[in-house]
Peer 1: 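I have a structure I would like to understand better, so I am pasting it below and will then ask my questions one at a time.
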Amino acid sequence: STARKLLTLVIIHSDGKVLLGLKKRGFGKGYYNGFGGKVEKGETIDQAAARELQEESGVTATDMEKRGILTFHFDNDPLAWEVHVYYATKFLGEPCETDEMAPTWFSVADIPYDVMWSDDPLWYPLLLAGQQFKGDFCFTNTTTLTSHTIEVVSSL
Ligand code: 6U4
Ligand code: NA
Ligand code: NA
């Protein structure tokens, strides 16, 4: 299989609301997203997920579980992105704005899909329904979704 870049994404779902951050810089600037980033040398994917959540939102999740693996292919990047998606309902601390993200709570019915990555409406409903999933997405011009597959799985 092709070489990949490993990334994490954490979504907190508590009291009927989802915590998302408006990305203030870098990749995906201007989009609401979960919290995450690149896995660094010497850390596990789980450790990277916890670290990025803390760095970007100020909170520490206490019941984080992996729920999805999403692979993104970009026409302008030879490396596929493998994003490990985590779900949590319990956390310590209060969300606070950081250099990278401005955290905001959204009711599930008001998730702002029109200012999120265009794959998000395809798998957030699975995540919020407690399912595990794998997906494959092809983008052109960084943000245009041209094809995808997605499946519910019984283990990751
Ligand atoms: P730097 O600035 O280098 O520290 P870092 O925080 O490590 O960056 P970043 O923010 O560029 O990494 O990582 C991208 C984030 O965007 C990851 O959490 C994965 C997430 N992501 C990437 N493509 C996505 C997509 N199509 N849909 C989605 N999240 C995506 O919901
Ligand atoms: Na990030
Ligand atoms: Na990072």
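First listed ligand is number 1; within each ligand, the first listed atom is number 1. Keep in mind that the numbers below use all heavy atoms, side chains included, and drop hydrogens, waters and symmetry copies.
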Peer 1: Under 4.0 Å from any heavy atom of G37, which atoms of ligand 1 are there?
Peer 2: 5 (P), 6 (O), 7 (O), 12 (O), 13 (O), 17 (C), 18 (O)

Peer 1: What do you reckon, does D119 have a nitrogen or oxygen under 3.5 Å from a nitrogen or oxygen of ligand 1?
Peer 2: yes

Peer 1: Pick one of side chain, backbone, both or neither for how F74 approaches ligand 1, counting any non-hydrogen atom pair under 4.0 Å.
Peer 2: neither

Peer 1: Within a strict 4.5 Å, meaning less than it, do heavy atoms of the L126 and I150 side chains meet?
Peer 2: yes

Peer 1: So if I count the atoms of ligand 1 from 1 in the order they appear, which ones are less than 4.0 Å from some heavy atom of K23?
Peer 2: 10 (O)

Peer 1: Report, in ascending order of atom number, the atoms of ligand 1 lying under 4.0 Å from any heavy atom of E52.
Peer 2: 6 (O), 7 (O)

Peer 1: How about E56 and T98: does a side-chain donor come under 3.5 Å of a side-chain acceptor?
Peer 2: no

Peer 1: Looking at E65 and R67, is any side-chain nitrogen of the basic one under 4.0 Å from a carboxylate oxygen of the acidic one?
Peer 2: yes

Peer 1: Stepwise, does the side chain to side chain donor-acceptor pair (under 3.5 Å) test hold for T8 with E52?
Peer 2: CA-CA 8 Å; T8 62; E52 289 280 352; 5.8 Å; no

Peer 1: Can you confirm, on distance only, whether ligand 1 has an N/O atom lying under 3.5 Å from any N/O atom belonging to W123?
Peer 2: no

Peer 1: Which option, L7, V10, D99, D120, owns the non-hydrogen atom nearest atom 28 (C) of ligand 1?
Peer 2: D120

Peer 1: With a cut-off of 3.0 Å, does E100 place any N/O/S atom under that distance from the Na ion (ligand 2)?
Peer 2: yes

Peer 1: Would you say the ring centroid of Y113 lies under 6.0 angstrom from that of Y32?
Peer 2: no

Peer 1: Taking only Lys NZ, Arg NE, NH1 and NH2, and the carboxylate oxygens of Asp or Glu, determine whether K5 and E82 approach each other closer than 4.0 Å.
Peer 2: no

Peer 1: Can you tell me the N, O or S atom of E56 that's nearest the Na ion (ligand 2)?
Peer 2: OE2

Peer 1: Counting heavy atoms only, which part of F137 comes closer than 4.0 Å to ligand 1: side chain, backbone, both or neither?
Peer 2: neither

Peer 1: Show me which atoms of ligand 1 lie under 4.0 Å from any heavy atom of F27.
Peer 2: 11 (O)

Peer 1: Using the ring centroid of each side chain, check whether F139 and W81 are separated by less than 6.0 Å.
Peer 2: no

Peer 1: Quick one: does K38 get an N or O within less than 3.5 Å of an N or O on ligand 1?
Peer 2: yes

Peer 1: Considering the options V18, V59, L20, which one meets the side chain to side chain contact (heavy atoms under 4.5 Å, CB included) requirement together with I12?
Peer 2: V59

Peer 1: Does the N or O separation between T8 and ligand 1 drop below 3.5 Å for any pair?
Peer 2: yes

Peer 1: In this structure, does ligand 1 have an atom that sits under 4.0 Å from one of the heavy atoms of E55?
Peer 2: no

Peer 1: So which of L70, N33, V83 gets nearest to atom 20 (C) of ligand 1, if we judge by its closest heavy atom?
Peer 2: N33

Peer 1: Counting each atom of ligand 1 from 1 as listed, which ones have a heavy atom of E56 under 4.0 Å away?
Peer 2: 6 (O)

Peer 1: If the cut-off is 3.0 Å, does any N/O/S atom of E52 fall short of it from the Na ion (ligand 2)?
Peer 2: no

Peer 1: Any luck finding a side-chain donor-acceptor pair between D46 and H84 under 3.5 Å?
Peer 2: no

Peer 1: Taking the side chain as every heavy atom from C-beta outward, state whether Y86 and I11 have any atom pair closer than 4.5 Å.
Peer 2: no

Peer 1: Regarding G36, does it place an N, O or S atom less than 3.0 Å from the Na ion (ligand 2)?
Peer 2: yes

Peer 1: Tell me, do W105 and P95 make a side-chain contact under 4.5 Å, heavy atoms counted?
Peer 2: yes

